[in-house]
Amino acid sequence: MAALSGLCSSSPSLKPKHDRVVIPLFRKYSLAFPTRSNSCSKLSVSGEVSADLSKTNSVGVLKKAKQGGLEKDPKALWRRYVNWLYQHKELGLYLDVSRIGFSDEFVAEMEPRFHAAFQAIEDLEKGAIANPDEGRMVGHYWLRNAKLAPKPFLQVQIEKTLDAICKFADDVISGKIKPPSSPEGRFTQILSVGIGGSALGPQFVAEALAPDNPPLKIRFIDNTDPGGIDHQIAQLGPELASTLVIVISKSGGTPETRNGLLEVQKAFREAGLDFSKQGVAITQENSLLDNTARIEGWVARFPMFDWVGGRTSEMSAVGLLPAALQGIDIREMLVGASMMDNATRSSVLKDNPAALLALCWYWACDGVGSKDMVILPYKDSLLLFSRYLQQLVMESLGKEFDLDGNRVNQGISVYGNKGSTDQHAYIQQLREGVHNFFVTFIEVLRDRPPGHDWELEPGVTCGDYLFGMLQGTRSALYANDRESVTVTVQEVTPRSVGALVALYERAVGLYASLVNINAYHQPGVEAGKKAAGEVLALQKRVLAVLNEASCKDPVEPLTLEEVAERCHAPEDIEMIYKIIEHMAANDRALIAEGDCGSPNSLKVFLGECNLDELYA
Ligand SMILES: O=P(O)(O)OC[C@H]1O[C@H](O)[C@H](O)[C@@H](O)[C@@H]1O
């Protein structure tokens with residue numbers, strides 16, 4: 001036992017005697033490697049996709065090497081484990097890639113791609129326009145080490161914002177900044193309104209790190225679901241008077257967030273509270289949200305920077321302000337991230353855990369996303385890590401075109417909750433069913449704070465069971481040729497969480513370079529938003545048509561076809577049916593006669609006629 005804790009501890013006195021000898025991999029091999037333009041079929045943006053394009057994106061030896069199968073000899077496997085084990089001593093973080101079956105030939109063949117990827121990351125950190133489509137720099141790495149920022153004014157912005165966050169959080173927690181009409185005389189709750197990258201990081205960190213009794217408890221409105229919003233507000237009850245509402249939106253114009261804000265402001269009005277005395281905005285300067293907050297005189301405003309993307313904004317005000325208000329040590333989060341950033345700057349593959357992850361992803365997914373990434377933290381507090389990674393990985397990597405305009409339909413699907421809970425849900429399929437995934441186990445060595453554990457049977461604690469479940473599942477999956485990566489941390493602390501975030505941010509950036517895509521834009525998201533806008537515009541036309549018919553005397557009920565005709569949108573009849581069905585279910589003064597199950601039988605009119613609108 002003593003030997004084990006010595007091996008795994010980050011305490012300097014318990015360090016292993018010999019450092020692992022690192023062989024600079026990229027000097028060892030000098031195999032020829034096809035250039036990117038040779039290795040990828042050149043297709044024009046408008047060109048047809050080759051059915052087998054995916055295979056041309058894989059390095060040549062990939063398929064051949066895979067046919068060899070996974071190493072099963074225990075001695076050879078142990079050698080592989082020891083040979084490839086990555087350790088970050090100071091962070092107490094380990095990465096085991098031995099259960100991914102890549103071969104030395106594959107590693108060698110990936111060398112030129114990694115060279116290019118390391119160069120791209122170096123350029124990005126120096127301020128290159130790493131998001132070419134949007135002409136933006138990508139600077140989330142500067143947030144945890146402002147000295148890296150390419151311009152002095154950026155450095156000042158970062159440091160000033162961090163100081164302002166810490167001071168504001170201290171003032172709120174101490175009661176220096178307080179709500180005007182709360183009996184407690186201080187803020188007790190945070191209601192965070194935001195979506196996507198403006199919610200997922202804060203949600204993950206709150207679940208992972210908030211103390212049992214935080215100075216302020218946090219709740220989230222991360223959708224435009226009226227039921228969900230009502231639930232959050234109802235749960236706050238009278239504590240609305242002591243709730244600090246943080247509205248987070250980089251663009252400051254995201255509809256779901258705007259709606260959440262309007263709903264919360266209505267609740268404040270109804271409770272006789274002044275929202276402006278309890279509202280905080282985190283957004284880009286001069287955005288709609290920023291201007292609203294400034295004009296209405298909200299309690300505080302914090303900036304989001306143009307060069308920080310939503311999904312990599314956890315170390316900006318987006319993640320740091322809510323965390324600080326919950327009593328989480330945000331400077332420690334930044335230290336953890338910065339230490340990991342240093343490690344993942346190495347251009348020696350074996351020394352760079354993010355590069356090792358990217359290598360594993362490429363191998364497991366054939367460089368084309370052919371397998372899903374199942375994230376299994378064996379720790380309840382890390383439950384939301386997979387949801388956080390879903391956006392980070394899928395919004396970054398899920399791209400139709402590569403940087404040369406070839407249609408590649410890249411991406412890696414991410415899902416997972418936690419172990420051992422998931423063992424009683426879907427691990428059956430992972431072990432025996434369709435083989436379309438690889439697993440990432442997240443192992444946390446410390447079960448409980450020192451002095452709190454006890455043996456629930458001789459020699460065995462509750463945490464030993466969790467440990468056994470993880471190891472058992474890893475072995476059972478591997479025995480059936482299911483590959484896995486294991487990331488091990490000592491404890492879930494602000495430092496280790498910061499490091500995990502930074503590890504995956506870098507792995508995504510490197511992997512994006514390996515497959516030659518822009519990880520920092522999200523053109524596909526616009527399509528859904530645009531379509532949603534069109535639905536709402538159509539709904540307004542439907543209402544106008546129905547109003548006109550309903551103002552006639554006698555009222556003229558219309559069939560769906562007639563509504564569609566009068567909206568000049570016969571091709572949208574199905575959408576018109578869905579609009580009417582939704583409005584009818586929500587007491588919108590709309591009367592639908594007939595059977596909703598037989599749409600052609602429906603006749604629709606409004607229960608009241610609005611003459612003002614008719615003649616507007
Ligand atoms: O922070 P916001 O501007 O409100 O954006 C929130 C989210 O909106 C979009 O859907 C983007 O695809 C996400 O990357 C972003 O995080």
Side-chain angles (χ1 to χ4, degrees), residues 45 131-136 138 192-203 220-229 246-265 281-293 304-313 316 318 387-401 407 409-411 413-414 508 512 517-543 567 569 571-572 574-583 586:
V45 172
N131 180 356
D133 295 19
E134 296 174 3
R136 290 181 213 258
V138 173
S192 172
V193 184
I195 197 167
S198 293
L200 289 159
Q203 287 169 330
F220 294 91
I221 290 180
D222 64 353
N223 200 357
T224 184
D225 172 13
I229 294 171
I246 308 183
V247 186
I248 310 178
S249 173
K250 179 181 174 184
S251 61
T254 302
E256 290 93 332
T257 305
R258 182 206 73 139
N259 295 358
L261 167 62
L262 294 178
E263 293 273 358
V264 173
Q265 285 181 321
I282 302 177
T283 184
Q284 286 193 114
E285 221 179 322
N286 288 325
S287 72
L288 187 60
L289 173 59
D290 190 41
N291 292 335
T292 307
M304 267 201 88
F305 307 119
D306 174 58
W307 37 268
V308 175
R311 55 187 171 275
T312 51
S313 64
S316 74
V318 171
R387 206 196 286 179
Y388 169 76
L389 289 182
Q390 232 165 26
Q391 186 201 21
L392 178 63
V393 174
M394 295 177 76
E395 206 172 53
S396 301
L397 302 181
K399 300 294 155 68
E400 184 167 12
F401 298 108
R407 183 173 289 136
N409 297 112
Q410 272 290 354
S413 301
V414 178
V508 164
I517 54 145
N518 177 357
Y520 307 107
H521 67 166
Q522 51 283 330
V525 175
E526 294 312 312
K529 286 186 193 165
K530 194 167 159 265
E534 285 163 7
V535 172
L536 293 176
L538 182 60
Q539 176 170 312
K540 286 186 183 155
R541 271 151 61 206
V542 168
L543 274 174
C567 286
E571 69 287 358
D572 288 330
E574 183 181 320
M575 190 58 77
I576 288 170
Y577 166 65
K578 294 302 295 176
I579 287 169
I580 286 171
E581 181 191 42
H582 178 246
M583 286 199 296
N586 283 284

Could you check Ile248, Val308, Thr312 and say which one makes a side chain to side chain contact (heavy atoms under 4.5 Å, CB included) with Val318?
Ile248

Of Gln522, Gln391, Gln390, which is the lone residue that meets side chain to side chain donor-acceptor pair (under 3.5 Å) with Arg311?
Gln522

Exactly one of Glu574, His582, Glu581 should register a side chain to side chain donor-acceptor pair (under 3.5 Å) with Lys578. Which one does?
Glu581

Nearest 0.5 Å please: distance from the [atom1] atom of [X] over to the [atom2] atom of [Y].
X	Y	atom1	atom2	value
Cys567	Asp572	SG	CG	9.0 Å
Leu200	Glu395	CG	CD	9.5 Å
Asn518	Lys399	CG	NZ	5.5 Å

Does a sphere of radius 6.0 Å around CD in Glu134 hold more than 12 heavy atoms from other residues, nucleotides or ligands, not counting ones at 6.0 Å or beyond?
yes

Around atom CZ of Arg541, are there more than 12 heavy atoms of other residues, nucleotides or ligands at under 6.0 Å?
yes

Would you mind checking if Glu534 and Lys530 are paired as a salt bridge, meaning a charged N to carboxylate O distance below 4.0 Å?
yes

Shortest non-hydrogen contact between Gly252 and Ser287, atoms and distance:
CA-OG, 3.8 Å

Heavy-atom closest contact (Ile195 atom, Thr254 atom, distance):
CG2-CG2, 3.7 Å

Side-chain heavy atoms of [X] within contact of [Y], under 4.5 Å:
X	Y	value
His521	Arg136	no
Leu392	Leu389	yes
Met304	Ser313	yes

Given side-chain contact (heavy atoms from CB on, under 4.5 Å), test Glu263 with Ile221 step by step and report yes or no.
CA-CA 10 Å; Glu263 293 273 358; Ile221 290 180; over 6 Å; no

Between Glu285 and Asp290, does a side-chain contact (heavy atoms from CB on, under 4.5 Å) hold up when you go through it step by step?
CA-CA 6 Å; Glu285 221 179 322; Asp290 190 41; 4.0 Å; yes

